[in-house]
Amino acid sequence: MPATPAPATTPRRSSVTETVLTAENLVKHYPIKSGILRRTIGHVRALDGVSFELKAGETLGIVGESGCGKSTLGRMLMRLEEPTDGTLTVDGVDVYSLGRSEMRRMRRDIQIVFQDPYTSLNPRKTVADIIGEPFDIHPEVVPKGGRRKRVQELMEQVGLAPEHINRYPHQFSGGQRQRIGIARGIALNPKVLVCDEPVSALDVSVQAQVVNVLEKLQDELGLAYVFIAHDLGVVRHISDRVGVMYLGKMVELGTEDEIYERPTHPYTRALLSAVPVPDPTLRGTRDQIKLQGDVPSPANPPSGCRFHTRCWMAQDICSSDEPQLIARADLGGAHPSACHFAEDSVVSGTRKASD
Ligand code: ADP
Ligand code: MG
């Protein structure tokens, strides 16, 4: 019997092992222009060869300091930026080769929620207009005359009172505004929602509520998330896997357990040491690492391993050879880590645990 398409309100998650998105070697270089002739004098290497897969219904956390290319990655996944290089496949479709009208259809499958709930919503539009905006481009997803009802359903789904449908963004709190952004993000019933620091601008007490809404929606709709944040604390709870980025590269990629309990990249360990440990019995078991210096410019990244200028483990090889993000068979198939000395990190981690 042929499979009938699932209605919008039932979970679409068929199997968690199904790959919904594949990013291969994504590169984005922005030209740096100078002078009256606006000559290109260099490039900001915002994203410099990032690859990963996303499974249906999973959450991939992406973390890294400000300026490391997270938002650029998010926009590339939506094709809001044209790639300098790389391939993006969503549901088997090669996204960067699509023409305009095919791209329009593709946008239904992958949507984005932006960081700032204050500037990402048009202050002159009502909630009805904002959440219903995707229907202007895709009128086929709502029955004729059913638009208002659908917006109210979406409001209920994200925990907003449907009777507030005619209000303006300034009449809502920061957390509520982000719920409006999320409602707009799920309006087309996408398979993937890219969340670019969706809670970073919110008070800590409100952050958890918004994360809870996202988790509830994932259970109901089988959505996959790419959840971007600048620190490891925020993404732990929601992520199945986490990718750590540094200067346009992904330097470590693993399951939540691998990244938080058995990190092998020194940069990940440094980021982790900045995350407060809630369990007092575990305090002091984690490395205390304070990173020296600032992040180097992505217009002129360090040779070899880009982290070597700030790494306390760096040897000669680190400034000459670029380590690849690969799973190391010699480390018992440990998760991918782009460090020449990942092995030493594992050993020192083990020693620490048995002390
Ligand atoms: P993040 O989201 O991790 O803070 P971004 O992706 O916003 O990082 O930026 C990565 C780098 O690319 C930064 O150095 C930023 O200044 C640069 N960048 C981002 N967008 C542009 C653009 N449109 N033109 C030029 N440079 C850009
Ligand atoms: Mg950003």
Side-chain angles (χ1 to χ4, degrees), residues 21-54 60-90 93-100 103 106-107 110 112 114-116 192 194-197 226-230 243-253 265 267-268 271 291 293-311 318-326 336-340:
L21 178 152
T22 308
E24 280 173 277
N25 188 37
L26 295 189
V27 176
K28 182 68 190 180
H29 292 176
Y30 295 105
I32 306 168
K33 309 250 187 210
S34 175
I36 306 166
L37 297 177
R38 310 295 297 151
R39 255 202 222 112
T40 300
I41 54 161
H43 287 92
V44 176
R45 295 157 74 158
L47 201 64
D48 226 1
V50 165
S51 304
F52 61 87
E53 279 188 355
L54 185 70
L60 175 68
I62 299 283
V63 297
E65 284 163 288
S66 177
C68 70
K70 304 181 299 295
S71 293
T72 303
L73 173 63
R75 293 196 303 270
M76 293 268 286
L77 297 179
M78 283 282 291
R79 200 179 169 184
L80 297 174
E81 302 273 3
E82 285 306 306
T84 304
D85 199 2
T87 314
L88 175 67
T89 314
V90 175
V93 177
D94 178 356
V95 174
Y96 296 152
S97 70
L98 295 179
R100 251 184 119 86
M103 195 57 226
M106 173 57 58
R107 286 260 157 77
I110 175 157
I112 193 162
F114 292 104
Q115 166 172 6
D116 192 345
V192 179
V194 177
C195 303
D196 188 358
E197 306 216 30
V226 175
F227 190 102
I228 297 171
H230 56 255
V244 179
M245 285 184 62
Y246 187 75
L247 267 183
K249 297 268 182 189
M250 197 176 278
V251 296
E252 185 161 6
L253 178 62
H265 198 289
Y267 181 60
T268 309
L271 283 185
L291 279 181
D294 292 330
V295 183
S297 163
N300 187 19
S303 60
C305 171
R306 292 181 178 195
F307 185 57
H308 86 260
T309 54
R310 299 169 84 196
C311 184
C318 302
S319 54
S320 57
D321 292 17
E322 186 173 350
Q324 301 302 309
L325 182 68
I326 40 167
S337 177
C339 174
H340 293 301

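The shortest non-hydrogen separation linking A299 to P301 is C-CD, 3.6 Å. Smallest separation of non-hydrogen atoms from V194 and G74: CG1-CA, 3.9 Å. Closest non-hydrogen pair, C339 versus P323, comes out as N-CB, 3.8 Å. In terms of heavy atoms, Y96 sits closest to G86 at CD1-O, 3.6 Å. Shown here for G243 and L253, the closest heavy-atom pair between the two residues is CA-CD1, 3.8 Å.
Here the side chain of E197 pairs no donor or acceptor atom with the backbone of C195 at under 3.5 angstrom. Of the possible donor and acceptor atoms, none in the side chain of H340 sits under 3.5 Å from a partner among the backbone N and O of C305. At least one donor-acceptor pair closer than 3.5 Å links the side chain of S51 to the backbone N or O of N25. The closest donor-acceptor contact from the side chain of S303 to the backbone of S319 lies under 3.5 Å. Although no hydrogens or angles enter the test, the distance criterion places a donor-acceptor pair under 3.5 Å between the side chain of T84 and the main chain of H29. The main-chain N or O of M245 is never found under 3.5 Å from a side-chain atom of K70 such that the two would form a donor-acceptor pair.
Of the residues V244, L47, L26, I62, the one that meets the side chain to side chain contact (heavy atoms under 4.5 Å, CB included) test with M250 is I62. If you run side chain to side chain contact (heavy atoms under 4.5 Å, CB included) between L77 and each of L88, T72, V192, only L88 comes through. Results of the side chain to side chain donor-acceptor pair (under 3.5 Å) test with Y246 over E252, E65, R310 single out R310 as the only residue that passes.
Using a 4.5 Å cut-off on side-chain heavy atoms (C-beta onward), L247 and Y267 make no contact. Using a 4.5 Å cut-off on side-chain heavy atoms (C-beta onward), F307 and V251 make no contact. Between R75 and K28, every side-chain heavy-atom pair lies at or beyond the 4.5 Å cut-off. Using a 4.5 Å heavy-atom threshold, the side chains of R306 and D48 count as touching. Residues R107 and I112 fail the side-chain proximity criterion, which asks for heavy atoms closer than 4.5 Å. Between R45 and V27 the shortest side-chain heavy-atom distance does not fall below 4.5 Å. Inter-residue side-chain proximity for R79 and M106 is flagged as unmet; no heavy-atom pair is nearer than 4.5 Å.
Note that CE of M76 and OG of S71 are 13.0 Å apart. Values are rounded to the nearest 0.5 Å. Between the CD1 atom of I32 and the CD1 atom of I41 there is a distance of 6.0 Å, given to the nearest 0.5 Å. For the atom pair SG of C311 and NE2 of H265, the computed distance is 7.0 Å after rounding to the nearest 0.5 Å.
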(request) Run the numbers on V95 and L21 for side-chain contact (heavy atoms from CB on, under 4.5 Å), then give the verdict. (result) CA-CA 10 Å; V95 174; L21 178 152; over 6 Å; no
